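Numbering of residues begins at 1 and proceeds along the displayed sequence. Bear in mind that the values here come from a model prediction, so they are computed numbers and not experimental data.
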Amino acid sequence: MSDLESVSRRKRVNTLKKLIILLLVTLLVIPIVMCILMFVRMTSLEKELREMHTQIDQIAFEQSKYRETLDNHMEQDKQASAAAGDAKGKVTGEGNGNLTQEGSAQTVPEQSGEGQADGQTESDGQTVVAQSDLVAKVSTAETQYNPELDENIRKVYLTFDDGPSENTDEILDILAKYNVKGTFFIVGKEGDMAEDAMRRIVAEGHTIGMHTYSHKYSQIYSSVDAFAEDFLKLQEHIYNVVGVRSNYFRFPGGSSNEVSDVDITELIDWVHGQGIEYYDWNSSGDDAVGAGFDAETIVDNCIRGIEKYKVFIVLLHDAKNKQATVEALPMLIEKIQAMENTVILPITEHTVPIQHTTKETEE
Ligand code: ZN
């Protein structure tokens with residue numbers, strides 16, 4: 001009897017043991033499996049998010065371009081109907097600067113701000129020289145100490161993509177008011193408005209960067225040759241307008257964009273081969289989103305996580321329909337300037353580039 005009893009007890013103990021082991025294994029395995037599943041999901045969501053950002057960038061760009069064309073047409077219509085009436089008055093009023101078109105002469109006083117009163121309506125070439133002289137004087141006084149080389153200081157770089165547009169002027173006014181220098185990754189735009197803005201960017205000590213001439217993904221990312229052609233076209237355009245060769249580049253959609261038909265590392269190699277560095281961002285105002293955030297949200301988006309970084313490159317847009325960005329800028333600058341050990345700088349050859357992951361893992 002006792003033997004039988006002990007056998008059955010051992011059996012029970014064994015089954016109990018097995019149950020406990022099974023339970024432990026399940027308790028261990030389930031979280032591990034969950035973790036793996038969640039990690040996989042997260043990676044795919046991150047990829048999706050990146051793709052969405054890229055698409056948003058393209059849509060926003062096209063939207064602003066469309067609006068610009070629309071406005072230009074309306075402007076042309078207006079001018080055409082007004083031309084018959086007051087053409088004579090304009091011609092006699094503007095003097096004999098080196099500007100050839102009536103249209104462009106009209107825009108000069110607007111561009112050059114309140115500093116130059118009516119007495120000195122010289123060509124804008126001369127005003128540019130005067131302003132850059134001023135910048136040069138100010139900057140030589142500061143040559144002893146370069147905060148950009150100071151590792152203890154947080155460097156914030158405000159970068160503006162997709163311009164120039166009318167908003168560029170407003171942004172330049174704000175930057176001037178706060179004595180802050182920024183970086184403008186421009187696209188190819190011809191005409192007085194765009195070219196005056198480009199000249200102003202350089203004359204006022206900001207950095208002019210390249211963001212491709214066409215910004216058309218299907219074109220620039222179709223082959224290395226197509227990319228190179230577009231790239232050189234913008235570089236040439238900048239040189240012709242401002243007499244400066246830009247050494248800074250930003251890939252439309254960022255260097256981690258998933259839309260490129262060519263391996264983006266080939267494009268990166270090509271860019272580096274030109275002696276040019278590219279810069280992505282580690283902060284975004286998310287102001288490229290079509291519907292648009294309000295100014296406060298853009299500021300919050302920009303400075304989120306700033307405490308973690310010593311180099312903080314902020315992505316903003318100065319395209320035509322980015323009015324909220326213009327509104328956000330003074331608030332943003334004030335908040336950053338109130339932070340300890342933090343300076344706002346333009347991108348220079350000393351700037352540590354922020355570069356997103358590239359496509360190399362896919363090949
Ligand atoms: Zn862009």
Side-chain angles (χ1 to χ4, degrees), residues 53 113-115 131 134-163 165 167-185 197 200-201 203-209 248 250 279-289 292-319 322-355:
H53 266 274
E114 289 151 39
Q131 279 165 338
L134 208 81
V135 172
K137 269 177 208 154
V138 174
S139 60
T140 43
E142 291 164 358
T143 43
Q144 294 93 336
Y145 172 71
N146 183 353
E148 190 157 37
L149 302 174
D150 188 337
E151 285 179 9
N152 299 313
I153 297 238
R154 175 179 302 114
K155 275 84 65 177
V156 179
Y157 301 90
L158 301 179
T159 66
F160 303 91
D161 286 13
D162 299 354
S165 76
N167 282 347
T168 311
D169 254 345
E170 284 189 63
I171 286 172
L172 286 167
D173 289 342
I174 296 166
L175 295 178
K177 185 183 159 207
Y178 287 93
N179 194 22
V180 159
K181 308 290 178 215
T183 302
F184 294 81
F185 288 103
R200 222 189 128 188
I201 288 170
E204 296 183 13
H206 306 284
T207 296
I208 195 159
Y248 312 97
R250 172 166 287 157
Y279 298 79
D280 290 315
W281 56 91
N282 51 359
S283 155
S284 169
D286 278 337
D287 60 339
V289 184
F293 285 124
D294 59 18
E296 280 85 3
T297 316
I298 290 176
V299 174
D300 290 344
N301 290 343
C302 284
I303 56 177
R304 193 178 305 130
I306 191 169
E307 60 287 340
K308 287 185 282 187
Y309 299 97
K310 279 280 181 262
V311 175
F312 201 62
I313 300 187
V314 184
L315 168 68
L316 290 164
H317 292 82
D318 64 328
K322 302 293 168 233
Q323 198 50 42
T325 309
V326 178
E327 274 171 50
L329 194 57
M331 264 187 280
L332 178 63
I333 293 173
E334 281 171 28
K335 282 207 173 170
I336 296 170
Q337 285 184 332
M339 292 175 189
E340 270 180 42
N341 287 326
T342 303
V343 288
I344 302 174
L345 296 170
I347 285 178
T348 74
E349 75 266 26
H350 300 300
T351 307
V352 179
I354 298 293
Q355 292 167 341

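Rounding to the nearest 0.5 angstrom, the gap separating the CH2 atom in W281 from the CG atom in L315 is 5.0 Å. With rounding to the nearest 0.5 Å, the separation of CG in D318 from CD in E170 is 11.0 Å. We find the NZ-CD1 distance between K155 and I153 to be 7.5 Å, quoted to the nearest 0.5 Å. Note: I354 CD1 to T159 OG1 = 11.0 Å, rounded to the nearest 0.5 Å. Between F312 atom CZ and I306 atom CD1 the span is 4.5 Å, to the nearest 0.5 Å. Within the model, atoms OG of S284 and CG of L316 stand 7.5 Å from one another, a figure rounded to the nearest 0.5 Å.
Looking only at side-chain heavy atoms (C-beta outward), M339 and I303 come within less than 4.5 Å of each other. The shortest side-chain heavy-atom distance between V343 and R154 does not fall under the 4.5 Å cut-off. No side-chain heavy atom of F160 sits less than 4.5 Å from a side-chain heavy atom of T168. In this structure, the side chains of R200 and D173 come closer than 4.5 Å at one or more pairs of heavy atoms. The side-chain heavy atoms of F184 and H206, taken from C-beta on, include a pair separated by under 4.5 Å. For the pair F293 and D300, the minimum side-chain heavy-atom distance is 4.5 Å or more. L345 has its side chain within reach of Y157: a pair of non-hydrogen atoms, C-beta onward, lies under 4.5 Å apart.
By the 4.0 Å N-to-carboxylate-O rule, D286 lies too far from R304 to be salt-bridged with it.
Screening T183, I171, I333 for a side chain to side chain contact (heavy atoms under 4.5 Å, CB included) with L158, the sole residue that qualifies is I333. Screening V180, I298, I174 against L329 for a side chain to side chain contact (heavy atoms under 4.5 Å, CB included) leaves a single residue, I174.
Using modelled atom types, one finds a donor on one side chain and an acceptor on the other under 3.5 Å when comparing T297 with D294. Side-chain contact annotation: H317 with D287, donor-acceptor N/O pair under 3.5 Å present.
Across all their heavy atoms, G285 and C302 have their closest contact at CA-SG, 3.5 Å. Nearest heavy-atom pair across A295 and E327 is CB-CB, 3.8 Å. The minimum heavy-atom distance linking F185 with Y279 is given by the pair CZ-CB, 4.2 Å. Heavy-atom minimum distance, Y145 versus P147: O-CD, 3.5 Å. Considering every non-hydrogen atom in both G182 and P346, the closest pair reads O-CB, 3.6 Å. In this structure, K181 and G205 approach most closely via the heavy-atom pair CD-O, 3.6 Å.
Within a 6.0 Å radius of NZ in K177, no more than 12 heavy atoms belonging to other residues, nucleotides or ligands are found. Shown here is E151, whose CD atom has no more than 12 heavy atoms of other residues, nucleotides or ligands within 6.0 Å.
Not counting sequence neighbours, D162 has no partner by the salt bridge (charged side-chain N to carboxylate O under 4.0 Å, His left out) test.
Sorted by first then second residue, the side-chain hydrogen bond (donor to acceptor under 3.5 Å, both in side chains) pairs that include residues 330-341, not counting sequence neighbours, are Y178-E334.
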Please walk me through it: do R250 and D280 pass salt bridge (charged side-chain N to carboxylate O under 4.0 Å, His left out)? CA-CA 6 Å; R250 172 166 287 157; D280 290 315; 5.3 Å; no

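The closest donor-acceptor contact from the side chain of T207 to the backbone of I347 lies under 3.5 Å.
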